[in-house]
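Shown next, in structure tokens, is the structure this report addresses.
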Number of protein chains: 2
Amino acid sequence: MSSQLLEQLIEAFRVLPGVGRKTAQRMAYHVLERERDGGKKLAETLQSAIDKIGHCERCRDFSEDAVCATCTAPARDPQLLCAVESPADLLAIEQATGYRGRYFVLQGRLSPLDGIGPRELGLDLLSSRLAEGEVRELIIATNPTVEGEATAHYLAQLARQHGVRPSRLAHGVPLGGELEYVDRGTLSHAFGSRSEMP
Amino acid sequence: MSSQLLEQLIEAFRVLPGVGRKTAQRMAYHVLERERDGGKKLAETLQSAIDKIGHCERCRDFSEDAVCATCTAPARDPQLLCAVESPADLLAIEQATGYRGRYFVLQGRLSPLDGIGPRELGLDLLSSRLAEGEVRELIIATNPTVEGEATAHYLAQLARQHGVRPSRLAHGVPLGGELEYVDRGTLSHAFGSRSEMP
Ligand SMILES: [Zn+2]
Ligand SMILES: [Zn+2]
């Protein structure tokens, strides 16, 4: 590599998810050859986003402001609160469903071995939120992994302590999925949770 | 999207090659959730690379200096000059072959309809380079497209005018390629260019 800085740029691109050496190289060349303006804009926006985007002090989603727009939107039902592990999960629910309640972003899941306990997930904040008395249902949308399930059980207890009804997303055979290719755990769960057809 | 800046960051990532809305979103969330330091480094390096990396005044490859390291390396054979369309092509040859001559980067190919003529490809610079008398062979490594071929013919003429021998990369069935899947033009060329087996 004839330019040290070009080499550094290629390495820097590898911080992006799914970007290996080859892709990073293509990105660096592409920007320098054809997208210098767009590249400048990316550099500035990235810098500014990292400096300014923190977390909403009410729901812990990404936010530039102390309290985010979702938390203050009057059109959203304050009786429904949906707990998710990450901002990406929140976005997936926003884009896939018609949910119009509010959210709480755990920024992780209980994982004692990694030192992630109730405090790291902001559960004291969630607890006082539930204690306010406005929330009626806590929709627990943690991932269906071992740790996600443990977190869900913990959250369900917390909800019940505050007289809030906990609920959990349905698990089962994905729509359009073929039984043959569904993993055994999911299939077993789906079979056990079968419901009478109307 | 609750944050305007987050939305701008997602859009900014789309300047990268092969990055659509979904991937851009994943990149933005990944950096903000887990790689703020790496993201800062990427922003700074990108800014700095765009500001400082220009083109070598001798070979037109990317370079931070007026003349790049490849052009000044004493170990490289000055009698061999390889013309490529882009810095990415140069890198591909460096990585795949044992070539130890020098390069000339056209930064494009002849395309009169797009206003790309000899001047845009720096052929005056190439011409005076060949006139210096040191280069014996001009290896023409433009792409085997219609425009790349036209450029190759033009360069070959230029080389001959200066008493320099033009050569062209071999075309044919790719190693490991199956005849069945090779495009007709390539197969026809490979058939016509067959050579006697030793
Ligand atoms: Zn919020
Ligand atoms: Zn050079």
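In what follows, chains carry the letters A, B, and so on, assigned in the order in which the sequence lines appear, proteins first and then strands, with residues in each chain numbered from 1.
Criterion: ILVMFWY side-chain heavy atoms under 4.5 Å apart, direct or through other members. Under it, L126(A) and Y103(A) are not part of a common hydrophobic cluster. In terms of hydrophobic clustering, with Ile, Leu, Val, Met, Phe, Trp and Tyr side chains grouped at heavy-atom distances under 4.5 Å, F62(B) and V84(B) are assigned to different clusters. L91(B) is connected to L9(A) through a chain of hydrophobic side-chain contacts under 4.5 Å among Ile, Leu, Val, Met, Phe, Trp and Tyr, so both are in one cluster. Under a hydrophobic clustering in which Ile, Leu, Val, Met, Phe, Trp and Tyr are joined whenever their side-chain heavy atoms come within less than 4.5 Å, directly or via other members, I116(A) and I140(A) fall into the same cluster. Linking Ile, Leu, Val, Met, Phe, Trp and Tyr residues whenever their side-chain heavy atoms come within less than 4.5 Å leaves F104(B) and L80(B) in two separate clusters.
In this structure, OG1 in T23(B) is found 11.0 Å from CG in L16(A), a value given to the nearest 0.5 Å. Note that the CG atom of L5(B) and the OG atom of S63(A) stand 10.5 Å from one another [nearest 0.5 Å]. Interatomic distance, D51(B) CG to R36(A) CZ, rounded to the nearest 0.5 Å: 9.0 Å. With rounding to the nearest 0.5 angstrom, the CG atom of L32(B) is 8.0 Å from the NE2 atom of H55(A). The distance from the CD atom of E11(B) to the CG atom of L42(A) is 12.0 Å, given to the nearest 0.5 Å. Note that CG of L90(A) and OH of Y29(B) are 7.0 Å apart. Values are rounded to the nearest 0.5 Å.
Counting non-hydrogen atoms of other residues, nucleotides and ligands closer than 6.0 Å to CZ of R34(A) gives a total above 12. Annotation: Y154(B), atom OH; neighbour count of heavy atoms from other residues, nucleotides and ligands within 6.0 Å does not exceed 12.
Counting only N and O atoms by type, the side chains of T45(B) and Q8(A) include no donor and acceptor under 3.5 Å apart.
Options K52(A), E33(A), K41(A) differ in how many heavy-atom pairs under 4.5 Å they form with chain B, and the most are formed by E33(A). Chain B forms more heavy-atom pairs under 4.5 Å with one residue of G38(A), A12(A), P17(A) than with any other, namely P17(A).
Here the side chain of E64(B) pairs a donor or acceptor atom with the backbone of Q4(A) at under 3.5 angstrom.
The side-chain hydrogen bond (donor to acceptor under 3.5 Å, both in side chains) search around E85(B) returns R109(B), N143(B), not counting sequence neighbours.
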Apply side-chain contact (heavy atoms from CB on, under 4.5 Å) to residues V15(B) and H30(A) and explain how you reach the verdict. CA-CA 9 Å; V15(B) 76; H30(A) 179 85; 5.7 Å; no
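Smallest separation of non-hydrogen atoms from I50(A) and G39(B): CD1-C, 3.4 Å.
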